[in-house]
Engineer: 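Below: one structure in structure tokens.
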2 protein chains.
Amino acid sequence: MQRSMGILGTRWKPIIIYTLRDRKARFGQLDALIENISRKVLTSSLKELEEDGIVLREEFKELPPRVEYALTEKGKALIPIMCQLAKWNEEYYEEPAPLIL
Amino acid sequence: MQRSMGILGTRWKPIIIYTLRDRKARFGQLDALIENISRKVLTSSLKELEEDGIVLREEFKELPPRVEYALTEKGKALIPIMCQLAKWNEEYYEEPAPLIL
DNA sequence: TAAAGTAGTTACCTTTGCGTAACTATCAAA
DNA sequence: TTTGATAGTTACGCAAAGGTAACTACTTTA
């Protein structure tokens with residue numbers, strides 16, 4: 001478990017994996033699909049996920065350049081887990097009580 | 001998903017939940033069961049997990065004091081997910097290549 | 001020649017996560 | 001009166017995570 005969390009224990013990486021659950025995506029698409037993430041964190045997270053064998057980076061030698069990101073087998077094995085996590089929130093989420101000022 | 005990760009997206013919280021999957025535990029037990037965690041992070045993580053309705057803190061008015069932590073229903077719903085995460089690592093973990101010096 | 005599109009990078013800064021070590025409070029037992 | 005046990009807290013600081021804004025490189029199109 002400690003090793004799993006060493007790889008995934010950040011705010012954004014599971015979200016990136018979840019976003020790639022049913023599609024490949026280009027860098028710019030990920031940036032648009034994932035709200036509030038900065039390009040910098042997206043870059044570094046993708047790089048680390050690639051090093052950990054979860055994401056595959058495919059570069060097309062075209063102009064303008066195109067790069068596609070997809071999950072590896074190891075990454076795909078996480079899809080059901082990420083989906084359950086999303087579902088867990090839907091079941092148990094409660095609106096925070098409104099503040100009376 | 002962003003909300004799930006807002007709650008769980010740290011290195012230690014999922015490990016705490018995983019440790020509580022099959023037992024209640026006292027503060028000192030958690031500290032002993034979870035290797036390398038500091039008491040400070042344990043304290044603050046437990047406090048936040050309690051605020052988020054995942055962990056229940058039960059204080060016994062005894063001497064010396066006793067406090068037990070257990071998962072709520074919301075927390076118990078995470079058990080299968082955490083177990084799958086642990087299993088995922090067992091299946092896909094590879095020893096890092098030894099460095100030749 | 002300038003603008004537009006893709007996939008980043010770089011510099012700089014703030015916040016959060018986390019660690020270590022020492023300290024507190026309470027009461028019982030030695 | 002000192003020690004021991006439990007469950008923390010406090011002070012201090014480092015490193016990682018994360019954000020913003022500006023900049024790069026390349027080539028096509030206007």
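Bear in mind the structure is a predicted one, so any value in this text is a computation, not a measurement. Sequence lines set the chain letters: A, B, ... in the order given, protein chains first and strands last, and positions in each chain run from 1.
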Engineer: Near DNA chain C, counting only heavy atoms under 4.0 Å, which residues of residues 20-40 of chain A show up?
Structural biologist: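 Going residue by residue through residues 20-40 of chain A, the ones with a heavy atom under 4.0 Å of DNA chain C turn out to be A:R26, A:F27, A:G28, A:R39, A:K40.
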Engineer: Would a distance-only check, ignoring hydrogens and angles, find a side-chain to backbone donor-acceptor pair under 3.5 Å from A:W88 to B:I81?
Structural biologist: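 Flag not set: sc A:W88 to bb B:I81 has no pair under 3.5 Å.
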Engineer: Report, as yes or no, whether the 6.0 Å neighbourhood of atom CD on A:E35 holds more than 12 heavy atoms from other residues, nucleotides or ligands.
Structural biologist: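 Atom CD in A:E35 is not crowded, with 12 or fewer foreign heavy atoms closer than 6.0 Å.
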Engineer: With side chains defined as the heavy atoms from C-beta onward, is the minimum distance between A:T10 and B:T10 less than 4.5 Å?
Structural biologist: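 A side-chain contact under 4.5 Å is absent here.
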Engineer: Determine whether B:I79 and B:L20 make a side-chain contact, defined as any pair of heavy atoms from C-beta on separated by less than 4.5 Å.
Structural biologist: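 They are not in contact (no side-chain heavy atoms under 4.5 Å apart), so the answer is no.
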Engineer: Of all residues at least two apart in sequence or in a different chain, which pass the side chain to side chain contact (heavy atoms under 4.5 Å, CB included) check with B:A70?
Structural biologist: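 B:K24.
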Engineer: Mind calculating the distance between NZ (A:K13) and C1' (D:dA16) to the nearest angstrom?
Structural biologist: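 In whole Å, D:dA16 C1' and A:K13 NZ are 11 Å from each other.
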Engineer: So if I take residues 41-52 of chain B and measure heavy-atom distances to DNA chain D, which residues fall below 4.0 Å?
Structural biologist: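 Heavy-atom contacts with DNA chain D come from B:T43, B:K47.
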Engineer: Spell out, as yes or no, whether a donor-acceptor pair under 3.5 Å connects the side chain of B:S45 to the backbone of B:L42.
Structural biologist: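 Looks like no, no N/O pair under 3.5 Å.
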Engineer: Does some side-chain heavy atom of B:T43 sit less than 4.5 Å from a side-chain heavy atom of B:F27?
Structural biologist: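 Yes, at least one pair of side-chain atoms sits under 4.5 Å.
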Engineer: Salt bridge check: are A:K13 and A:E48 linked by an N-O gap of less than 4.0 Å?
Structural biologist: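 Answer for the salt bridge query: yes.
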Engineer: Can you tell me the distance, in whole Å, between the CE atom of A:M5 and the P atom of D:dA17?
Structural biologist: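 Rounded to whole Å, this separation is 12 Å.
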Engineer: Show me the pairs that pass salt bridge (charged side-chain N to carboxylate O under 4.0 Å, His left out) and involve residues 78-93 of chain A, at least two apart or across chains.
Structural biologist: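 Listed by first then second residue: nothing to list.
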Engineer: For the helix from C:dT1-D:dA30 to C:dA30-D:dT1, how many degrees between its two end axes (five pairs per end), to the nearest 10°?
Structural biologist: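 Roughly 30° between the end axes, to the nearest 10°.
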Engineer: Is a salt bridge present between B:K76 and B:E73, judged by a nitrogen-to-oxygen distance below 4.0 Å?
Structural biologist: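 Answer for the salt bridge query: yes.
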Engineer: Select base, sugar-phosphate, or nothing to describe what A:Y69 touches, counting heavy atoms under 4.0 Å on all strands.
Structural biologist: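 Sugar-phosphate: the residue A:Y69, judged by heavy atoms under 4.0 Å, touches backbone atoms but no base.
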Engineer: Below 4.0 Å from chain B heavy atoms, what is the first contacting nucleotide of DNA chain C and what is the last?
Structural biologist: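 Span of nucleotides near chain B: C:dC18 to C:dC27.
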Engineer: Please determine if B:R3 forms a cation-pi arrangement with A:Y93, meaning its NZ or CZ atom is less than 6.0 Å from the six-membered ring centre and no more than 45° off the ring axis.
Structural biologist: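 That pair qualifies as a cation-pi contact.
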Engineer: Taking the nucleotide of DNA chain C with the closest heavy atom to each, which residue, A:G9 or A:P64, is nearer the 5' end?
Structural biologist: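 Nearest nucleotide further toward 5': that of A:P64.
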Engineer: Measuring only between side-chain heavy atoms, which start at C-beta, is A:I37 closer than 4.5 Å to A:I15?
Structural biologist: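 No; the side chains remain at least 4.5 Å from each other.
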Engineer: Quick one: closest heavy-atom pair of A:P65 and A:R26, and the distance?
Structural biologist: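 Closest pair (atom of A:P65, atom of A:R26, distance): O-NH2, 3.6 Å.
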